[in-house]
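Heavy atoms only: backbone and side chains are in, while hydrogens, waters and symmetry mates are out.
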Amino acid sequence: MGFFKKIRCENCNKKFSKEEEFMHHQQVVHNKDLPYDCKECNQFFSSMEEMRTHLQRNHSYKKDRI
């Protein structure tokens with residue numbers, strides 16, 4: 001069965017069934033190299049440009065609004 005969560009975060013003990021979910025968790029929750037955060041969904045980004053792109057694609061922000 002593939003339903004078992006096999007990957008455990010050593011920082012907070014949260015478990016994941018997929019490697020990509022675990023990696024995303026590590027980046028968003030534990031990585032301090034992501035100084036920009038989206039106030040809409042709490043995702044973190046390493047650059048202002050990444051965050052702007054995210055806002056435009058995911059939250060319908062216009063370029064002149066940022």
For C38 versus H59, what's the shortest heavy-atom pair and its separation? SG-NE2, 3.4 Å
Output for pair (F22 CZ, R8 CZ), nearest 0.5 Å, gives 9.5 Å
Provide the closest heavy-atom pair for E50 versus S47 in the form atom of the first, atom of the second, distance. N-OG, 3.1 Å
Show your reasoning for whether side chain to side chain contact (heavy atoms under 4.5 Å, CB included) applies to Q26 and E10. CA-CA 10 Å; Q26 286 284 25; E10 293 181 8; over 6 Å; no
Can you give me the closest heavy-atom contact between C9 and F16, atom names plus distance? CB-CE1, 4.3 Å
Residue pair K18 / I7: nearest heavy atoms and the distance that separates them: C-CD1, 3.7 Å
Locate the shortest heavy-atom distance separating Y61 from E40; write the atom from each residue and the value. OH-OE2, 2.7 Å
Residues at least two apart in sequence or cross-chain that pass ring-ring contact (aromatic ring centres under 6.0 Å, His included) with F45, listed by chain then number, are H54
